[in-house]
Amino acid sequence: MPTRSLTDRLDGLAFGGDYNPEQWDEPVWKEDDTLMRRARVNLATMGVFSWALLEPDEGRYDFAWLDAHIDRLHANGVAVDLATPTASPPPWFTLAHPDALPVTPDSTRLTHGSRDTYCLAAPAYRSAARRIASALAERYGEHPAVALWHVHNEYGTLCYCDHTAAAFRAWLRARHGSLDALNEAWGTVFWSQRYTSWEQLLPPRVTQWHKNPGQALDFRRFWSDEIIAAYREQRDAIRAHSDRPVTTNLMLPAYQNVDLWALARELDVVTSDQYPSAPGPDAAADVAFHADRARSLGGGRPWLLMEQGTNTVYDRDRVLAKEPGDVLRHTLGHIARGSEGALFFQWRQSRAGAETWHSAMVPHAGPDSRIFREVAHVGEAVARLGELAGSTVTASVAVLHEADAWWALGVDGLPSADLDYHAALGRAHRALWDAGVTVDFAHPEHDLSRFALVIAPALFLLSDGAAENLRRYVAGGGTLLVQHASGYVDDRMHARLGGYPAAPLREALGVRVEEYRPLRRDERIALSDGSHGTVWSESLRAEGADTLAAYAEGMLAGAPALTRHRFGTGTGWYLSTRLDDAGYAALVARLLDETGVAPEAPGLPAQVEAVLRRAPDGRSWRVLINHRPEPVPLPEPARDVLTGITLAELPPGGCAVLRIT
Ligand code: GLA
């Protein structure tokens with residue numbers, strides 16, 4: 001286990017990025033040293049894509065070039081986040097082990113020439129990955145420059161090959177114990193799918209029509225376990241030679257091929273990458289969504305933003321630029337929510353190769369550029385925030401997130417294609433962000449008692465344990481909002497009988513869903529309070545709950561749409577449609593009001609982001625980010641740690657870090 005935290009080793013927060021000096025030459029390395037000092041870089045991620053240089057032929061290592069760069073960085077005061085290069089095997093590996101190339105669901109075997117061309121379940125790949133992780137750890141485990149280990153890169157690629165099939169069968173045997181149990185769990189009695197030997201079982205490859213939902217869900221679970229096992233092998237190989245913290249960078253929020261709660265438990269520090277998918281305030285909200293999830297995955301412990309872009313906003317089929325000031329606002333958005341610094345992909349923009357046009361800290365134009373000047377300015381700001389290291393963030397509202405529930409909405413044959421897990425999660429978070437409230441994410445089986453309010457936006461799958469836990473939470477005084485299409489299936493994807501959601505939850509909510517009625521694309525259904533629903537509606541019976549809003553048209557006219565139920569010492573709310581934005585914002589405001597949850601910084605208008613970080617010794621800081629186009633007066637003048645100046649107002653787009661206690 002690590003003997004010192006990352007920030008202890010760095011003596012402050014982390015600032016830097018992926019550093020790929022192998023793309024450059026001596027004069028550029030010299031300039032890198034100067035520019036890193038100017039930008040206050042103190043951590044560089046190295047080796048993420050260096051397998052071909054580190055191991056030019058199977059079993060023959062060349063570390064001399066890496067030695068020289070690590071020593072140079074060390075002499076320059078820059079610590080190293082040393083990666084294992086296993087996300088990008090070299091061509092020699094593929095040619096020697098063609099069976100380790102990934103296969104798509106339609107049985108196409110991919111070829112090298114990009115990255116991530118490996119099958120995680122292929123024995124040759126796994127042992128090659130262990131070997132190089134071990135060789136790197138043996139050589140650099142005690143190197144004074146190494147402050148963090150970065151296993152792999154964004155685990156998640158899937159494979160459907162025969163190695164995968166064999167590993168899947170072994171996993172299924174361990175999970176189900178017998179074919180009878182598996183057949184029962186997957187409901188194979190339908191469509192003549194009954195399995196009579198383990199060899200008949202396959203990954204969910206391309207089929208004529210709907211795939212079996214139990215098989216699809218189990219495959220997701222299996223692959224997640226495979227990822228975690230692969231990570232653990234490398235981590236343990238490293239730990240045998242090093243006492244530095246070990247991590248792998250998660251890709252949040254939408255990349256969901258792994259159970260993030262389970263993987264996060266294996267990490268010494270949660271690290272994650274974030275690239276917004278829309279500009280402006282949407283990007284800032286996305287930063288918060290990402291950061292709150294990263295923090296929550298680590299149980300509230302400090303975490304680290306491993307990658308962001310200086311100028312990268314992925315907007316479907318194009319990459320948009322960030323506006324001046326966005327890099328500082330996004331960096332502080334992450335730090336406000338518990339990140340121990342901010343790193344970028346990558347330090348210097350590539351002049352060739354697959355990501356030539358991806359932004360970087362030093363752009364093609366060189367240091368005489370807006371981007372590098374902003375980077376240096378942000379580096380200076382982060383350097384001033386060293387006192388925040390180790391402080392944490394707490395929230396009194398939680399949004400529930402769970403891998404099985406996400407995967408359950410990805411199976412074939414659901415009543416509507418518009419049940420979008422990720423969008424529902426983001427929407428709940430966004431409504432709370434807009435209301436100025438800090439949010440945690442929680443697993444539906446976590447102890448939820450510390451939260452005044454819990455929102456369950458998309459728990460289509462709900463295990464018996466989770467349903468009971470939510471019932472207990474409400475009975476014990478909590479306020480829970482459950483949204484449409486929740487608790488419809490158990491953890492085997494079997495429909496709940498007798499009405500949805502799962503029975504213990506029905507008791508807490510005082511409702512029973514008798515019939516689901518998905519809406520047509522673009523259909524809106526009027527509610528009695530003037531709001532509208534889209535996507536989904538339900539024939540809902542109040543069984544003890546009060547109706548707060550009813551459907552106002554169609555077959556459901558007069559039937560409950562939004563209900564509230566006093567249960568035990570708490571309250572269960574149920575919303576049976578997807579409310580329009582204004583209606584949802586009003587509902588969230590009402591829930592916050594009824595539970596007494598105030599915005600983080602009362603006295604500040606909407607769109608001024610405010611988050612509190614608290615140190616164990618009682619010190620605290622409020623990070624403020626003004627997303628408004630006009631200046632905003634502070635409730636009282638306060639000293640800004642970023643500038644040392646006492647501020648009376650925040651300029652448009654301005655940021656401040658105020659020491660509170
Ligand atoms: C990911 C990867 C990086 C780079 C960026 C581009 O986060 O980890 O290697 O490809 O995406 O946005």
Side-chain angles (χ1 to χ4, degrees), residues 14 16-23 43-54 81-90 112-118 120 148-158 227 230-231 234 247-258 260 263 267 270-279 283 286-287 289-291 293-294 297 303-322 326-327 330-331 334 339 341-364 371 375:
D18 278 52
Y19 183 43
N20 298 304
E22 60 269 41
Q23 298 180 12
L43 187 65
T45 299
M46 292 196 68
V48 177
F49 298 119
S50 308
W51 197 340
L53 291 189
L54 290 169
D81 163 36
L82 190 55
T84 65
T86 52
S88 200
H112 64 239
S114 180
R115 71 183 202 200
D116 289 289
T117 25
Y118 57 84
L120 211 57
L148 180 65
W149 285 97
H150 178 300
V151 169
H152 201 85
N153 190 61
E154 296 180 342
Y155 274 111
T157 48
L158 289 157
I227 287 174
Y231 168 77
Q234 289 202 37
T247 189
T248 184
N249 52 333
L250 311 177
M251 181 66 175
L252 298 175
Y255 206 53
Q256 180 68 4
N257 288 340
V258 61
L260 293 163
L263 179 54
L267 311 180
V270 169
T271 59
S272 181
D273 307 341
Q274 195 260 347
Y275 297 93
S277 52
D286 199 56
V287 164
F289 181 42
H290 170 270
R293 284 184 66 199
L297 288 169
W303 62 282
L304 178 64
L305 176 69
M306 186 61 91
E307 289 180 24
Q308 64 175 339
T310 55
N311 220 8
T312 309
V313 178
Y314 290 118
D315 181 16
R316 290 179 299 267
D317 56 353
R318 66 208 62 222
V319 182
L320 303 179
K322 291 190 176 180
D326 272 350
V327 178
H330 295 175
T331 297
H334 288 290
S339 179
L343 307 186
F344 294 77
F345 181 85
Q346 59 179 328
W347 164 251
R348 193 178 272 277
Q349 189 171 20
S350 302
R351 66 182 154 187
E355 291 194 314
T356 304
W357 308 108
H358 192 282
S359 69
M361 300 167 82
V362 185
H364 288 155
I371 289 179
V375 164

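Read the numbers this way: they start at 1 and go in the same order the structure lists the ligands and their atoms. All residue numbers in this chain count up from 1 along the given sequence.
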Test side chain to side chain contact (heavy atoms under 4.5 Å, CB included) applied to Trp303 and Arg293, step by step: CA-CA 10 Å; Trp303 62 282; Arg293 284 184 66 199; over 6 Å; no
Examine distances only and state if a side-chain atom of Thr271 and a backbone atom of Leu304 form a donor-acceptor pair shorter than 3.5 Å.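 No, Thr271 side chain to Leu304 backbone: no donor-acceptor pair under 3.5 Å.
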Would a 4.5 Å heavy-atom cut-off, applied to side chains only, mark Arg115 and Asn153 as touching?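 A side-chain contact exists here, since the closest heavy-atom pair is under 4.5 Å.
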Of all residues at least two apart in sequence or in a different chain, which pass the side-chain contact (heavy atoms from CB on, under 4.5 Å) check with Ala83?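 Per chain and number, Ala83 pairs via side-chain contact (heavy atoms from CB on, under 4.5 Å) with Val48, His150.
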Quick one: table the atom pairs, ligand 1 N or O against protein N or O, below 3.5 Å, distance rounded to 0.1 Å.
unit_1, atom_1, unit_2, atom_2, d
ligand 1, 7 (O), Glu154, OE2, 2.5
ligand 1, 7 (O), Glu307, OE1, 2.5
ligand 1, 8 (O), Asn153, OD1, 3.3
ligand 1, 8 (O), Asn153, ND2, 2.8
ligand 1, 8 (O), Glu154, OE1, 3.4
ligand 1, 8 (O), Glu154, OE2, 3.3
ligand 1, 8 (O), Glu307, OE1, 3.2
ligand 1, 8 (O), Glu307, OE2, 2.7
ligand 1, 9 (O), Arg115, NH1, 3.1
ligand 1, 10 (O), Arg115, NH1, 3.0
ligand 1, 10 (O), Arg115, NH2, 3.3
ligand 1, 10 (O), Glu355, OE1, 3.0
ligand 1, 10 (O), Glu355, OE2, 2.6
ligand 1, 12 (O), Tyr314, OH, 2.4
ligand 1, 12 (O), His358, NE2, 2.7

With ring centroids as reference points, do Tyr231 and His152 lie under 6.0 angstrom apart?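 No: the rings miss the under 6.0 Å criterion.
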Which of these, Thr247, Leu297, Asn249, sits in a side chain to side chain contact (heavy atoms under 4.5 Å, CB included) with Leu267?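 Running side chain to side chain contact (heavy atoms under 4.5 Å, CB included) over Thr247, Leu297, Asn249 with Leu267 returns exactly one hit, Thr247.
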